[in-house]
Structures are given as C-alpha cells and as structure tokens.
Amino acid sequence: MKLRILGLTLAAAIVGSASAQAQDPVEACFVYVGSKTDGGWTQAHDIGRQEADHLMGDAVTTKFVENIPEGADAERAIERFARSGCDIVFTTSFGFMDPTIKVAKKYPDVKFEHATGYKTADNVTSYNSRFYEGRYIIGQIAAKMSKTGVAGYIASFPIPEVVQGINAFLLGAQSVNPDFKLKVVWVNSWFDAGKEADAAKALIDQGVDILTQHTDSTAPMQVAAERGIHAFGQASDMIKAGPETQLTAIVDTWGAYYIKRIQAVIDGTWESQSSWDGLKDGILTMAPYTNMPDDVKAMAEDTEAKIKSGELHPFTGPVKKQDGTQWLADGETADDGTLLGMNFYVEGVDDKLPQ
Amino acid sequence: MELAVAVIVTIVTAATPLLIAAIGELVVERSGVLNLGVEGMMVIGAVAAFAIAHNTGSPYLGIVGGMAAGAFLALLFGLLTLTLATNQVATGLALTLLGLGLSGAIGEPYVGLPGTKLQPIEIPLLADIPFFGPILFKQDIIVYASFALVAGVAWFLFRTRAGLTLRSVGDSQTSAHTLGISVIRIRYLAVLFGGACAGLAGAQLSLAYTPQWVENMTAGRGWIALALVVFASWRPLRVIAGAYLFGAVTIGQLHAQALGFGIPSQLLSSLPYLATIAVLVIISRDRRLTLVNTPASLGKPFVPDR
C-alpha cells in the first residue's frame, strides 16, 4: 500500500509539472472485459483509470466501456473508440489481442495498449505484469498453512499467463514442502460467480484446504470463508469477502503505468514497446499478510523482498516438466520468451493441461 | 459417503434456480405465451433480493422483493405482448436486455458488499436420517419451495379445472375464447407467475448460491431454464429430472477435473450441454407424443375479434 501511495505521489509530481502547458486534453479510452465493479480484474484496471483521471487533471479525459466479450464484439468496441477521437486506447483482456492489432492497422494515428498479450505493432504496445512473482509467494504461504498438503486452483482459460501462475504457485509451494500437491479445476470463464463457487466446493470436498483462483469474482473466497479454510484474493484485495479467510491477495496496481503512458502521449514521446513489469515496479503489490502466524508472514515478506531485489527468480532450476524431462538446469532461470509462451506444467501438478 | 452427500448437496444448490425458473416458464408456455425474458427477470430478481435483504437484514423480505421485481418485469412483458399484441420473441429478448442493464444500474452500490446468506432450515428428526437427511431436509426455504412448486404446478395443471382452462388457452386460443374464457386474463396470470418464479430463482442466486451481488450473475442460467422447458416437453415432473441432470453433470465434471482423470476440461465443460442435446434427441423421437405436449398456440399473439 505504502509503495502504491509513493508511486502515486511520484506520478502526481510528474503530472503536475506537465499540466502547466495548457492544450487540448488527451483522451484515454479503456475497453473492459467485465464489469468495472467486479471486485477483481476489471475493477483493478478501472481504479488505474480513475487515478489517471484524477491526478492528471485537465490534461486528460477518460472513457470506458464495460462487459465487452472477447471476440468479434471487441473489435467493434475498439474501433468505435478509435473513430471517436480517442488518442490512446487500452484494451484490458488477453482475448482483445487480435482485435486490437486489427483495428490498430486501420487507425495508425491512434495509440493502442493491449494488456497481457504478446503481439505488438508500430502503434500497439503490449503491457503485462509479472503476476507469477506474487503466485510464487502465495504458493510458499499455502505450503506453510496447509494441513492436507493439497491446494486447489480455480483456473479460467489455458493461456500462458494462467499456466505461468499455476506453475509458479506450485514451485513456491514445493520450495517449502517438496511433496506439495495441486489440484486444478478449469471453469472456462473469467467471471461466473456460480461456477467459481461450485468449483471451490468441489475442490474443498476433495480435501484441499487452501484455495487460490485465476478467475475474477469473489465467490471462491466466500465459499472458503463458509467452509472455514483459507484462500488468496485475485487482482483486487478481497479481504471484505473473507476477513478471516484471505491470507493475502495479488493486487494489480495499474495506475502508475497508465499515468506514465498517457503522459508519454501528451509529451509526444510514446513509442511501441513490450512492457513486463513486476513487484519491484509496483505494478503488482501484495495485500497485507493476514490470518497467518508471524513466521509465515516473515517468510513471505522475505521472499517478496528477494524477488524485488532480483535475488530470487521464481522460475529457477532445477525444474522438471510434468512428464519428468528436465526443463531448467540447476541455477538456470527461465527466459521471458519461454514464460510468455508457457504451455506445459511443471512436475507435481495433478492435472492434464488442456491444449 | 460424506463426499457423496457433499456432492449431492452442491448439485441441489446448482439445480434449484434452473428448476424454479423453468417451472415458472413452463406454466407461461402452457398458456401459449413464449417469454424469452427469463434471464432478465431472473437477474432483476437477484439484484432486488440482494438489495432488500441488505437494507432490511432479512433474506426472507429479500425473497419477496425478488419475486415482486421479477413479476414487475413480467407485467411489462404482459402489457406489451398481451395488451398491445407485440411480437413475443422480440419483446422477450428486449426484456432480457432491459433486465441485465437495469440490474447493473440498480446494483452498482451493492457490488462487493457482504451478503445476507439464507440459512438452511433443519427439519427435526428427518434431518438426522443418514444420507438423505442432509440432502433433503437440511436445505434453505427456496429448495423446499422448489419441490412444492413442482408438485403444485403438476397438480394444478393436470388435476384442477383452472389448470385445464389454462392448458386449453395454450392449445387453442380461439376455441377457448369462443367458450367464453378470458384468454388475455389467464395469460396475464400465467406470465406474472412465471415472472415471480424467475425472480425467486434470481433471489436464490444472490441469497443462497453465492450470497453477493455481481453484474450478470445469472450467467446464462435463464436461457438454460428455457431450454429445460423444451427438454421436459412441457411436463412438470420432467423439469426436475432435467434440472438435476444438468446440475449433476455440471458439478460432476468439476469433480472429475479435481480428481485429475486427464480428460480435457473443455470437453468436460460441454458435457451438460451434450447431455441435454442427447436427451432432447431421444425424447423427440416419438413425434406424436411431442406434438401432444407442445402447446399449439405457443408464441401466437391473441387479438380477439370485436
């Protein structure tokens, strides 16, 4: 939290100096996959948008559309923004990647920023957050807190970002307890409270006593609270859904990034890039470590510090793939390319990866 | 054993909203009206139930509010399709869009607030029966209501005079009209009943299934309820079978995944739909039976001669 406030003040300072030159406000537009009040992924993006809106004052106006399904509808929504005079369009879901690239070709003067994908163009930047760093930490916490030695993972779609998260979680857990097991359930949706709750119940009924999720609703947290086990929040701090349940949450804090990029448009210095920031850049933060003994908290804080300083990379060898073949040799760390295209499990995942 | 009980209890929770919404729509369709707005009425019921339960602290008032909200949207549908004789399919679709949009607007201040969970009511003695006790007699009031609704509707439609009248309106609106039956009035009552049921199903979602409010929380369940009515070939008891089969396959596939059988999850996720299609195919093999059960006036607007 402190880090985030620091980041904001810093950003405010930059903005303050820039807004002195009066000119037409830059219009920044956001396309959301879910509802801006989903309590998770989209809400985190919208908080970032609001921060930009408030802190950048008259220099910028923002617009957004919510609940845009991935696919053909997305292209229409993005194009409408591009045509209506947006200077920069942020498309905030993996499935918006191809539509963004397509629309960007038609509107070379508009800048586009696509979240969590891998394609770029002259006017398309891809930005992402190293969520897996947080996943490694919560994996360690899970292994310390679990009595059954099995955690449950509610997953959305088998895309690299999600697979990274599953692997990082398990590697974190195995660094504490080498026999730690992970059950994965795919709900094939980013946001379906009922289905997520059902998946949570199924996992708990089969003996997991820690839940984590890569879906966007707070329903799994609620089920965990009801059944008296622990869980981790996703994308936003979900402590309100489980005051006695949440151990911590991986919180996405996009505000500083959005401000930086919109400022670049104002200054005329915007360039296409691939940005993949992590804990040290403050693009993701850990919610307060709660409901755990002091030694577990100390371990988590220590790991967080080590990841920030670069001393620890979650994907450091020796790591074997699920089929038992060697992936990373002793001391070797995974390169970003492999991570961004990750389509295999590491050893110990009790699931077959959907292809 | 314990696992089986836990699984079945989850299935009941998942099947109940489908069952309630479907039984309501079944009555509507039996009267000859096709209301495709189930999803919209359900979601408005969910938000109303949550809001009222949150403000009053009583989930039971929430249930009443949810049913009233669903019935209110149904009334709107009735005004358009029955009084003004608009196209039922288009109006129903519009109703769904209206419900989804309106519920989002109404529900904005309630997002992320802790819900008031509907507590199960244990029926003394019966709840202690091993296996069946926790499944049948340790549920919340909406689950009990769903059983009563199906039994009540089955009895009403096929064992009472009023039920016969309702079915006659659905089968041949002109004959019923000639006999002096008020087609429009009966259809209004059926549509309102369907709306209240959809509202109740929504209330179950936001008070019992996942006690919270999130936009679009029905996530297509209204459409599944609509399909279940056809699946059941307009027979109330078959709706139970359909809803529970769908619920069982939905929950079963999650367990299959958690057990790690190694079956692709996309295939497992499509299982409930595949099962529904398979049963539909089997049922519709007998064309005569299907024709007997299908309300002949379904979807046709009624404009009496003056």
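Letters go in sequence order (proteins before strands), and every chain restarts at 1.
Contact annotation for B:T13: only side-chain heavy atoms (C-beta onward) come within less than 4.5 Å of a heavy atom of chain A. Interface residue A:A193: backbone and side-chain heavy atoms are both found under 4.5 Å from chain B. Of the atoms belonging to A:E66, it is side-chain heavy atoms, and not backbone ones, that fall under 4.5 Å from chain B. Of the two parts of A:V184, only the backbone, made up of N, CA, C and O, holds a non-hydrogen atom closer than 4.5 Å to a non-hydrogen atom of chain B. For B:L113, no part sits under 4.5 Å from any heavy atom of chain A, backbone or side chain. Neither the backbone nor the side chain of A:Q43 comes within contact range of chain B; no heavy atom of the residue lies under 4.5 Å from a heavy atom of that chain. Both the backbone and the side chain of A:D205 come within less than 4.5 Å of a heavy atom of chain B. Interface remark: B:P211 contributes backbone and side-chain atoms alike to the contact with chain A (heavy atom separation under 4.5 Å).
For the pair B:E215 and A:K36, the salt-bridge criterion is not met [side-chain N within less than 4.0 Å of a carboxylate O].
Not counting sequence neighbours, A:H230 has no partner by the ring-ring contact (aromatic ring centres under 6.0 Å, His included) test.
Ranking A:G194, A:S236, A:A199 against chain B, the residue ahead of the rest is A:G194, based on heavy-atom pairs under 4.5 Å. For the set B:V7, B:L205, B:L259, the entry with the most heavy-atom pairs within less than 4.5 Å of chain A is B:L259. If you tally non-hydrogen atom pairs under 4.5 Å between each of A:D351, A:L353, A:D192 and chain B, the highest count goes to A:D192. Between chain B and the residues A:V223, A:V185, A:V208, the largest count of heavy-atom pairs under 4.5 Å involves A:V185.
Heavy atoms only, all atoms of each residue included: A:K201 and B:T10 are closest at CD-CG2, 3.6 Å. Across every non-hydrogen atom of B:T210 and A:A197, the tightest pair is CG2-CB, 3.5 Å. Heavy atoms only, all atoms of each residue included: A:D350 and B:A258 are closest at OD2-O, 4.5 Å.
Residues of residues 147-172 of chain A that come closer than 4.5 Å to chain B, counting heavy atoms only, are A:P158, ordered by residue number.
Between A:Q222 and B:K117, the closest side-chain pair of non-hydrogen atoms is not below 4.5 Å. Inter-residue side-chain proximity for B:L268 and A:W186 is flagged as unmet; no heavy-atom pair is nearer than 4.5 Å.
Note that CD1 of B:I251 is 3.5 Å distant from CG of A:D198, once rounded to the nearest 0.5 Å. Here A:S35 contributes atom OG and B:M217 contributes atom CE; the two are 12.0 Å apart, rounded to the nearest 0.5 Å.
For the pair A:Q206 (side chain) and B:H255 (backbone), a donor-acceptor distance under 3.5 Å is present.
Within a 6.0 Å sphere centred on CZ of B:F147, heavy atoms belonging to other residues, nucleotides or ligands number more than 12. More than 12 heavy atoms of other residues, nucleotides or ligands lie within 6.0 Å of CG in B:L245, so this atom counts as buried by the packing criterion.
In this model, no donor atom of one side chain and acceptor atom of the other lie less than 3.5 Å apart for A:T37 and B:E108.
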